[in-house]
Amino acid sequence: MMLVALALLIWIAMWVLNVRLATGENANTRTIGLLVPAIFGLTILVVWELLVRGLAVPLVILPAPSHVLSTFLSELPTLWLDLQQTFLKGALSGYIIGCGAAFLTAILVDRYDFLKRGLLPVGNFVAALPIVGTAPILVMWFGFDWQSKAAVVVVMVFFPMLVNTVAGLQETTAMQRDLMRTYGAGYWPSLTKLRLPAAMPFIFNGLKISTTLALIGAIVAEFFGSPTMGMGFRISTSVGQLALDMVWAEIVVAALAGSAFYGVVALVEKSVTFWHPSQRK
Amino acid sequence: MAPNANSIVISANALDLTFQTADAPVHALKDVSLDISQGDFVSFIGPSGCGKTTFLRCIAGLETPTGGTLTVNGMTADEARRARAYGYVFQAAGLYPWRTIAGNIKLPLEIMGYSRAEQNDRVARVLDLVELSDFGAKFPWQLSGGMQQRASIARALAFDADILLMDEPFGALDEIVRDHLNEQLLALWARTNKTIAFVTHSIPEAVYLSTKIVVMSPRPGRITDVIESPLPKERPLDIRDSPEFIEIAHRVREGLRAGHEDD
Amino acid sequence: MAPNANSIVISANALDLTFQTADAPVHALKDVSLDISQGDFVSFIGPSGCGKTTFLRCIAGLETPTGGTLTVNGMTADEARRARAYGYVFQAAGLYPWRTIAGNIKLPLEIMGYSRAEQNDRVARVLDLVELSDFGAKFPWQLSGGMQQRASIARALAFDADILLMDEPFGALDEIVRDHLNEQLLALWARTNKTIAFVTHSIPEAVYLSTKIVVMSPRPGRITDVIESPLPKERPLDIRDSPEFIEIAHRVREGLRAGHEDD
Amino acid sequence: ADEVKLQLKWVTQAQFAGYYVAKDKGFYDEENLDVEVMAGGPDIAPAQVLAGGGADVMLDWLPSALSAREKGLPLVNIAQPFKTSGLMLTCWKDTGITGPQDFKGRTIGVWFFGNEYPFLSWMSQEGISTDGGEDGVTVLKQGFNVDPLLQRQADCISTMTYNEFGQVLDAGVSEDELVTFKYEDQGVATQEDGIYVLEDNLKDPAFKDKMVRFVRASMKGWKYAEENPDEAADIVLENDESGAQTEAHQRRMMREIAKLTAGSNGALDEADYERTVATLLAGGSDPVITKTPEGAWTAEITDEALK
Amino acid sequence: MHKVVPVLTVVAAMFALWYAAVPFMNVKETLTGLERAGAVVTPDNPIERRDASSFGLVFRNSFAIPATYAQDRPRLPAPHQVAQDLWETTALKKVSSKRSLVYHGWITLSATLLGFAIGTAAGILLAVGIVHNRAMDMSVMPWAIASQTIPILAIAPMIIVVLNSIGVQGLIPKAIISAYLSFFPVVVGMVKGLRAPDAMQLDLLKTYNASQNQGFWKLRLPASMPYLFASLKIGVAAALVGAIVAELPAGGARGLGGRMLTGSYYGQMVQIWSALVFAAVLAAALVLLIGFAQKLTLKRMDLS
Ligand SMILES: Nc1ncnc2c1ncn2[C@@H]1O[C@H](COP(=O)(O)OP(=O)(O)OP(=O)(O)O)[C@@H](O)[C@H]1O
Ligand SMILES: Nc1ncnc2c1ncn2[C@@H]1O[C@H](COP(=O)(O)OP(=O)(O)OP(=O)(O)O)[C@@H](O)[C@H]1O
Ligand SMILES: Cc1ncc(C[n+]2csc(CCO)c2C)c(N)n1
Ligand SMILES: [Mg+2]
Ligand SMILES: [Mg+2]
């Protein structure tokens, strides 16, 4: 009970500290911008640790963060292998294929209004297919290795990306389009010089959404059949072996890889769409 | 097509345009007839919603009239648009935010296939003309509204079109800057002998600039008066205090007021 | 606080305001001192970016000066804001699109806790004042730009503030409508004895409306001239052709030009 | 009545008929027990449920239970209704596989989630690596069904005599197209579907008493099911909430299950137990358990129940 | 017409493609089956066929094409097989029957709706907190993003077990998982929406000295409505996926997820496909419903 009370106390103390930092004078600096979420995350970990210890939660239900950390460190080679299999082979290739295909389709769809009116509603429908149903089918079609994971990712990211890109390509204002017409500009010049640049904020929105979808998709697909490596494989077998510390170590890897992936895309976005009001500040 | 004086460049005959909207159709232009000759500076003035922009857009081939005929350089408006017969300055600057000022001015040059060297040359020249030489590498949002408007004028001047269509280009500027740009525009017009169609809300501006002032009136949009200006081509700013000037301004104001009375 | 003539309502003393931005700080107001008395109609005129809006926002307590003192109704600007001492008309209409025109005008009344009946009463009255009685149930996008601007003026008039702060309220309107609204504003001012601070780009407008014209100049924003108008309170539109009027306009123009010379 | 929550290892099917029959036939009522049978699934680890207090009793395979015990979750086997193992590898005959020595270089589907231990210890006994390559087997984490075999994505897959093997036959494959390796025949069989509880709970006499009654009633259910397979299958079907099971499938499964429970009266055979522990300990470089488990089973309950 | 024709065309094209793909997808198993039944197929060895291309096989054994449309365990079921299964499991079964998709759909739907309600409420509350409290904004947002990189299928069983151990069972655990998936789009959309008012709209309220409360109800909330509904549409689809995912660990339990799982457990591809289609229809219906609510709300708001 002591530990539980301590956990509560630390929670309150950290929160007060964060409120101070966030409303203090240097609140807009980069350091504080990183410090505040870091403190928040650290607080969660400390509270988690104390609660697990204080309430004597069995290891097989929820391991303490310290335990997860030590597993994480000692199992680094395995984790790295799994990350390669799931992220580099499955998620990334599926992400590139899916987003690339969606991008090209979006340009077609944007060009032919008929396609737009026909494909988008059907696309919305297909996008609602739950991965839980599609994954076993795709594993059956594309085999146990990373190809089927990539296929699942393609299916998952295709429509969010398509919808965003199509919306982006229509984002130009009437005046911007009229300007192109006054130059007698044809389809390609107005695509490359107007509609694509204008679409970039939307395209990146799609790309960002797709990062998290890609990783989750690849991991979940491994639950439905995989070689004997991969993050999803490790998670599902470790649960069966009651190695919850390993499960959480993989989850940590997933969260790190996912956030990093998201962050990289967000950085690229920043440099490409520097002109957009939301990036200017 | 060598420009010879008094040849008719833009000719509208009984032009009619009705917008189909969700509820009632809007009769934006009714029976508009007007000839504009090579080298004319024509101002359009009239209350908000009288169809000035719409008429300019018809000339530019951006809007299709629902009745009457319209020729530009002897072609249909759409053909003239494809032949890149005019430069158009919109009511708002409308610069592309992802391009620098120089990049924005380069845009039409790229599309029209000018060589790289020629592009840079022309950009430098028109930037100088609108006094933005130091700002070529800046992005639009880093400039004040007035500077942006000047950049958009430079963009329309960068390529060689004989016709210039300008929709309230100086609306957002303060009086001093406006006076200055008015002078510049007149100088450019005198030098290049371009044909200019110019929309404005300001009576002094219309009188100061034009060889011909077209007064319009709304619901439906039509021409109520066409005033030929007797002012000389050479116009110092203080011509605005001359009796002729005040006389014309008075006539324009009366025409405008008559249009408003209808409401 | 019974308004007695010539009591000072707004008093700025050596006001200074510097914006901290990502790159260089912007010195928007420098050493601005000005007294505005009860019942004054003060116009602010000056080139784009000279700090007119910023000064008005300081008075409204929307911006905090970095130096000098400012009192409004004897309180700090922020206290005055909390006491709802003024109505503010922004440069753009800024109506809430999900509310009807009447609903928009009701907004401040709801917030200030007027009774339902009182609300309806006042909405009807100010709608009438800006000649929009038929449009109360319409939504903003169903009105032309000019009508929206009038609605936003009505919104600022709906509650009883002795001070009216107006930031280029008529910028988007054509000359005829603008003249009309100028007359109306003068009539309202004469009737209610409000104190009005008014930003404009138009020299005739400033001269026509004001008892006091403040000319400002940029980088850093400061007051370069304060012109007391000798024109009578009663001002027909054609007062603008009187020599006094032209004389004041000339002085304003000179002041403005001087400000521009600095660039 | 005393409440007992039973966590199954898999979805509702005839594999668990004994418990459903005992409940349906009122055998639990007779023992003054109120038993809740909780179906499992692919991602539910019964041991976890037990540890979390969500269940009182669970079913598991011995290797998985021993491994959990070594991880600090003190599971104790209190009864073993399954005498024989139903696990086997099923291979296409036309691949030329005739014995374990032919597995090298092949692709084999294996269930994980605690079901992989028997396979791993078998392979380590045979000295075959499970990391792929020329001299090892390539292991696939087999999903839920027999498609990998039917579509020849794998040369062999794991099947249970009572379930997946039937599905292969149902798909039109005849038995002579197949080669099967029963773990039982290979000497690597392990004790499947034993009844486990937490060691600490056994210190409580009331709990112990409850378990005695539970095991007694459950075994009665099993024996009834063995004798009345069709009725037992129908009872299972009634308890299936997914509506996906078919009568034909469950009736056949029940008949096959009956063969596995036939030899058991509920008591764990110590010799079987020792043999399993030995194979698990001998797991080569990566043994499933590293030291001989102590107290991982008890005869107290069955002794009492079978009196 | 303007809307229907293109959709129908695309759907028709999709079905045509689907039908065309069936022989290629199913040819290998079909040939093996036919061979067992005594037919002569080329090549006559399953291992050779395994390594052969489907195209070649179809062309060399064109007689087998009809049979590819009538497989019991097809790799790709033909549309009519799916349609038939759908018809049998919806129209021809009593809705209370465990074999009725409507029954399972309802089970999933109830968890979806509860989860969606929880997720939406949590999302809105979190967004309100984030918009009004800088500390919350800075601390929570990065972690909310990180939370979405955690594979839900991995923690779903843990959530179920943990909740089970404190005695919560049945609908609630499913709803919580469903809420976990749906809260994120709502937070993101709602934060965007509550921040949609521009500086001038906020300043206007300041000139009225409006309280934070008034600012919320009169400006931020109405301004956020379009954003809210856009993210509710994403959120409700996510909630459905969450409910289905949550049905997996519980194995052959009830619900569409259970259907898909047992379908794949017993190799009943057609059953998976019809559950999938049913789920997509359900999602489409929910999205439509929200679109409807959106129209109503926006209309109602106008009367304010
Ligand atoms: N695309 C459109 N659809 C429907 N009505 C339109 C459209 N464009 C313009 N109108 C209507 O046509 C009329 C003329 O509009 P136009 O823009 O030409 O006026 P204007 O004279 O340029 O006014 P302003 O001075 O405000 O720019 C107006 O009543 C306007 O509402
Ligand atoms: N929030 C801000 N942050 C940084 N600089 C600002 C900010 N607001 C205004 N400024 C700068 O302060 C100066 C004065 O701006 P202000 O808006 O008061 O000009 P203004 O006289 O109203 O111009 P206009 O006639 O264009 O409305 C400008 O240089 C502007 O760029
Ligand atoms: C992921 C997964 N694990 C196990 C099985 C097979 N299975 C079904 S019941 C049973 C015996 C357990 O008592 C086994 C091994 C599967 N199909 N999928
Ligand atoms: Mg216009
Ligand atoms: Mg301003």
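Values below: all heavy atoms of this structure, side chains included; hydrogens, waters and symmetry mates excluded. Just so we're on the same page: letters track the sequence lines, and every chain starts at 1.
Classification of the F198(B)-F41(B) ring pair by plane angle, with boundaries at 30° and 60°, yields tilted.
Side-chain atoms of D82(A) come within 3.5 Å of backbone N or O of G230(A) as a donor-acceptor pair.
Of the candidates R84(B), R122(B), K194(B), R122(B) is the only one forming a side chain to side chain donor-acceptor pair (under 3.5 Å) with D160(B).
Listed by sequence position, G184(A), A185(A), P189(A) are the residues of residues 184-192 of chain A in contact with chain B, using a 4.5 angstrom heavy-atom cutoff. Contact annotation for residues 98-120 of chain B against chain A (heavy-atom separation below 4.5 Å, listed by residue number): W98(B), R99(B), L107(B), P108(B), E110(B), I111(B), M112(B).
In this structure, a donor-acceptor pair under 3.5 Å is absent between the side chains of E168(B) and T200(B). Using modelled atom types, one finds a donor on one side chain and an acceptor on the other under 3.5 Å when comparing T86(A) with E222(A). In the model, D167(B) has a side-chain atom that pairs as donor or acceptor with a side-chain atom of T53(B) under 3.5 Å. When only modelled atom types and interatomic distance are considered, S11(B) and D35(B) share a side-chain donor-acceptor pair under 3.5 Å.
The residue among F159(B), Y96(B), Y86(B), F139(B) with the most heavy atom pairs within less than 4.5 Å of chain A is Y96(B).
Note on residues 96-110 of chain A: pairs passing side chain to side chain donor-acceptor pair (under 3.5 Å), not counting sequence neighbours, are D110(A)-R195(A).
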Side-chain atoms of residues 210-219 of chain A: list all donor-acceptor pairs with protein atoms under 3.5 Å, sequence neighbours left out, distances to 0.1 Å.
| residue | atom | partner | partner atom | Å |
| --- | --- | --- | --- | --- |
| S210(A) | OG | G206(A) | O | 2.8 |
| T211(A) | OG1 | K208(A) | O | 2.5 |
| T212(A) | OG1 | I209(A) | O | 3.1 |

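Salt bridge annotation for D128(B)-R125(B): absent, with no cationic side-chain nitrogen under 4.0 angstrom from a carboxylate oxygen.
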